[in-house]
Amino acid sequence: MTPIRWGILATGNIARKLAHDIDTMEDAVVTAVGSRSQAAANTFAEEFGVPHAYGSYDALIHDPNVDVIYVATPNHLHYQNTMACLRAGKPVLCEKPFALNARQAQEMIDYAERHNLFVMEAIWSRFIPAHRKLYELAWTGALGEIRAINAEFGFRAQFDPVSRLFDPSKGGGALLDLGVYALALAVKLLGTPDRVTGFAQLSATNVDEQAAIILGFPSGAVANITCAIRTQLSNDARIYGTKGRARLHEPFWRPNDLTTVIDGVEEHLTIPRQNWGYQHELEEVHRCLREGHTESPQMPHDDTLTIARIMDDLRRQWGVTYPGD
Ligand SMILES: NC(=O)c1ccc[n+]([C@@H]2O[C@H](COP(=O)([O-])OP(=O)(O)OC[C@H]3O[C@@H](n4cnc5c(N)ncnc54)[C@H](OP(=O)(O)O)[C@@H]3O)[C@@H](O)[C@H]2O)c1
């Protein structure tokens, strides 16, 4: 099988983890990396044995040997970088949050669909084996009707007004960085909410440093989500159905462990993720590219848009604004 040739756009923390996981796969290679600086691109290329290192994102985007690009820049650049890739005819896996707001997300998706190009938000939790097992339990009815979800994702970061977590000009805040995973779980299992409400404690830089969110769904189900960048939380997720319940253990967005209690019988499953855990979403991207799909049924465009609209709604309630809103 001819390997899929990845281009990695940016050389930060998450770009390194993804490059590591691509390296473990037989049907893919990192063929090029692009950075704002040639020195950073060279260092990255040396670390991962990447043949082409570019000192600009533009050079990477226009490399004809690149089949697909992974956008790993801070939140406020996802729209701009993804659009540039798409305009050059490149399929994209874009880090979460897909965009700063639903308007940007819609534009990116519309462009990709019009030009028959694959694009996906990198909600890697959706492809983690323990998540897939949970979804199977939900779809087969083993848990009964899902009535409630509780999910939390939070850690205590040092307050730094210019870091991407706290700087509103970089799309900072707990919701876009961490809450997005809990929203992705709720939307997967319950669909589009018809009621969205929440309370946020804002930082000195006016981003949500912690938030409590409640979603209501047409079925009567509710989701209760907490996210935080200044508070360590339990980081697990619990799903309650009419026949049973399930717990995705910490860290719920990439768990190895799933506990179920169905008809009163408890079962503990350990389903290990591979490497850092990104390999599973990469396998899906490869499958979609090889089969000519423009979106993944596991992380479809409609879910990305639903999540972006919920986040817009919450930010409006909290008075958190980003450039371009
Ligand atoms: N999937 C996950 O598990 C996961 C985990 C963490 C973060 N993320 C997401 O991944 C994205 C990147 O996060 P990260 O933790 O990798 O961030 P990071 O370590 O700060 O890296 C971001 C990279 O983006 C590039 N960049 C371009 N403009 C920049 C600017 N104005 N300020 C800072 N960096 C800039 C830089 O690469 P060059 O200098 O090479 O251009 C930088 O190394 C975020 O959207 C985040 O939400 C995902």
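For clarity, every value in this text was computed on a predicted model and none was experimentally measured. Start at 1 and go down the list; that is how both ligands and their atoms are numbered.
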Inset, instruction - Please determine if Lys96 forms a cation-pi arrangement with Tyr181, meaning its NZ or CZ atom is less than 6.0 Å from the six-membered ring centre and no more than 45° off the ring axis. - result: no
Inset, instruction - Please confirm whether Phe127 and His131 have ring centers closer than 6.0 angstrom. - result: no
Legend entry - Near ligand 1, at a heavy-atom separation below 4.0 Å: residues by chain and residue number: Ala10, Thr11, Gly12, Asn13, Ile14, Ser35, Arg36, Tyr57, Ala72, Thr73, Pro74, Asn75, Leu77, His78, Glu95, Lys96, Trp124, Arg164, Lys170, Asp177, Tyr181, Tyr278
Legend entry - Thr231 side-chain N/O to Ala228 backbone N/O, donor-acceptor pair under 3.5 Å: no
Inset, instruction - Please list all pairs passing the salt bridge (charged side-chain N to carboxylate O under 4.0 Å, His left out) test where one or both residues lie in residues 227-242, with sequence neighbours left out. - result: Asp236-Arg238, Asp236-Arg247
Legend entry - Test salt bridge (charged side-chain N to carboxylate O under 4.0 Å, His left out) applied to Arg290 - qualifying residues, sequence neighbours left out: Asp27
Inset, instruction - Would you mind listing every side-chain hydrogen bond (donor to acceptor under 3.5 Å, both in side chains) that reaches into residues 143-159, with sequence neighbours excluded? - result: Glu152-Ser234
